[in-house]
K.L.:
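Submitted below is the structure of interest, expressed as structure tokens.
Atom set for the values below is all heavy atoms of this structure, side chains included, hydrogens, waters and symmetry mates excluded. Per chain, numbering begins at 1; letters A, B, ... match sequence-line order.
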Amino acid sequence: MKIVYFAWLRERLDKTEEDVDLPASVETIGDVIEWLKTRGEEYALAFDNPKVIRAAINKTHVRAEAKIAGASEIAFFPPMTGG
Amino acid sequence: MNSETVRISHSPIDTAAETRAVAEAASNIGAVVTFSGICRADEKGAQISALHLEHYPGMAEQEIESHVEEARKRWPLFAARVVHRVGRIMPGETIVFVATASAHREAAFAAAEFIMDYLKTSAPFWKKTEGGGKEIWVDANEKDERAAARWQK
């Protein structure tokens, strides 16, 4: 699965994207976050506060309970500040 | 909708040329409303030397386009255009430009505001300020969430 990161999430993880093999037990966006948090201290810190994490599946906004089945790209980013 | 409706720009926006293109899009246009979001020289009282704008390529355009489509369903628009800068932006430069054209002003004003309100809360762009040797990510604004929510009534 391709995961992309933006803004301070990208900076804290020091990567713009990565390819990961998600275990079968990971079914939702919330599960992905919990799984990522087990991968190291930088992930645990970056994803510490779920209130400031937004997600997208295939470039469409989704909530934490969204299923990831069929996803080709998952994105994580902070609340948007454009305009 | 033509491909020029929504554009991400890496260089300064020529708002006069963009406005003219929208005004000339149809002969029955009687009102063009434009909004320019400008890079301020300060953020929360602190001087800044520049803004850095990051976006999610593909999704940013898609999100804006879907809200321009929604605006077209709500108001009789003849043309609309949104141009958003990314990269390093200097104070005084335009960050975002929105133009809407209709036969009369009411639809053009409302549609421009609607598009901007949704752009602020749902289009994946992020701002970082640069100044005093520091770079700071700008926090999302609750006021913007409320501005977008009022269109859901």
Side-chain angles (χ1 to χ4, degrees), chain A residues 1-20 28-30 32-33 36-37 41-83, chain B residues 6 8-9 35-40 43 51-67 82-87 89 94-98 112-129 135-145 147-148:
Chain A
M1 180 74 69
K2 183 183 178 188
I3 305 186
V4 296
Y5 305 101
F6 293 96
W8 54 255
L9 264 174
R10 169 180 58 73
E11 287 185 349
R12 285 185 201 175
L13 298 172
D14 197 22
K15 55 182 62 136
T16 57
E17 62 175 83
E18 60 183 327
D19 265 301
V20 296
T28 67
I29 286 293
V32 176
I33 291 174
L36 285 171
K37 283 163 76 174
E41 200 181 346
E42 72 274 29
Y43 287 94
L45 279 173
F47 287 96
D48 181 47
N49 182 2
K51 280 187 186 161
V52 293
I53 307 291
R54 301 286 181 271
I57 293 178
N58 302 344
K59 299 189 165 115
T60 299
H61 289 293
V62 292
R63 293 178 180 279
E65 52 281 12
K67 300 263 192 233
I68 60 164
S72 55
E73 182 173 291
I74 295 174
F76 291 107
F77 42 79
M80 292 141 284
T81 55
Chain B
V6 174
I8 304 298
S9 177
F35 171 81
S36 297
I38 312 289
C39 176
R40 280 184 298 269
E43 177 74 19
L51 268 184
H52 291 265
L53 254 293
E54 178 173 334
H55 77 305
Y56 186 174
M59 183 173 172
E61 295 92 323
Q62 235 171 265
E63 277 295 321
I64 300 170
E65 271 160 18
S66 77
H67 288 106
V82 179
V83 187
H84 204 300
R85 268 293 284 287
V86 292
I89 301 173
T94 300
I95 304 166
V96 63
F97 172 83
V98 174
E113 201 169 15
F114 173 91
I115 291 166
M116 262 316 293
D117 283 349
Y118 274 105
L119 185 151
K120 297 284 283 190
T121 54
S122 75
F125 292 91
W126 301 273
K127 285 193 189 95
K128 184 162 72 171
T129 62
E135 292 189 348
I136 301 167
W137 289 99
V138 174
D139 279 330
N141 191 336
E142 204 159 297
K143 199 175 88 220
D144 293 331
E145 295 283 344

K.L.:
Can you tell which part of H52(B) gets under 4.5 Å to a heavy atom of chain A, answering side chain, backbone, both or neither?
P.N.:
neither
K.L.:
Side chain, backbone, both or neither: which part of V4(A) has a heavy atom under 4.5 Å from chain B?
P.N.:
side chain
K.L.:
Starting at CZ of R12(A), measure out to CH2 of W137(B) and round the result to the nearest 0.5 Å.
P.N.:
11.0 Å
K.L.:
Heavy-atom distance under 4.5 Å to chain A: side chain of S66(B), backbone, both or neither?
P.N.:
neither
K.L.:
Is chain A contacted by the side chain of D144(B), its backbone, both, or neither, given a heavy-atom distance below 4.5 Å?
P.N.:
neither
K.L.:
In Å and rounded to the nearest 0.5 Å, what is the CZ to OG1 distance from R54(A) to T121(B)?
P.N.:
10.0 Å
K.L.:
For V138(B) and T81(A), which heavy atoms make the closest approach, and how far apart are they?
P.N.:
O-CG2, 3.4 Å
K.L.:
So, applying side chain to side chain contact (heavy atoms under 4.5 Å, CB included) with K59(A), which one of E61(B), M59(B), E63(B) is it?
P.N.:
M59(B)
K.L.:
Give a yes or no answer on whether the side chain of K128(B) reaches the backbone of W8(A) with a donor-acceptor pair at less than 3.5 Å.
P.N.:
no
K.L.:
Evaluate the ring planes of W126(B) and F6(A), with Trp represented by its six-membered ring, and classify them as parallel (under 30°), tilted (30 to 60°) or perpendicular (over 60°).
P.N.:
parallel
K.L.:
Does any backbone or side-chain atom of K120(B) lie under 4.5 Å from a heavy atom of chain A? Answer side chain, backbone, both or neither.
P.N.:
both
K.L.:
Return the CE to CD distance between M80(A) and E54(B), rounded to the nearest 0.5 Å.
P.N.:
13.0 Å
K.L.:
Are more than 12 heavy atoms, taken from residues, nucleotides or ligands other than D14(A), located less than 6.0 Å from that residue's CG atom?
P.N.:
no
K.L.:
Who wins among A75(A), A7(A), A56(A) for the most heavy-atom pairs under 4.5 Å with chain B?
P.N.:
A7(A)
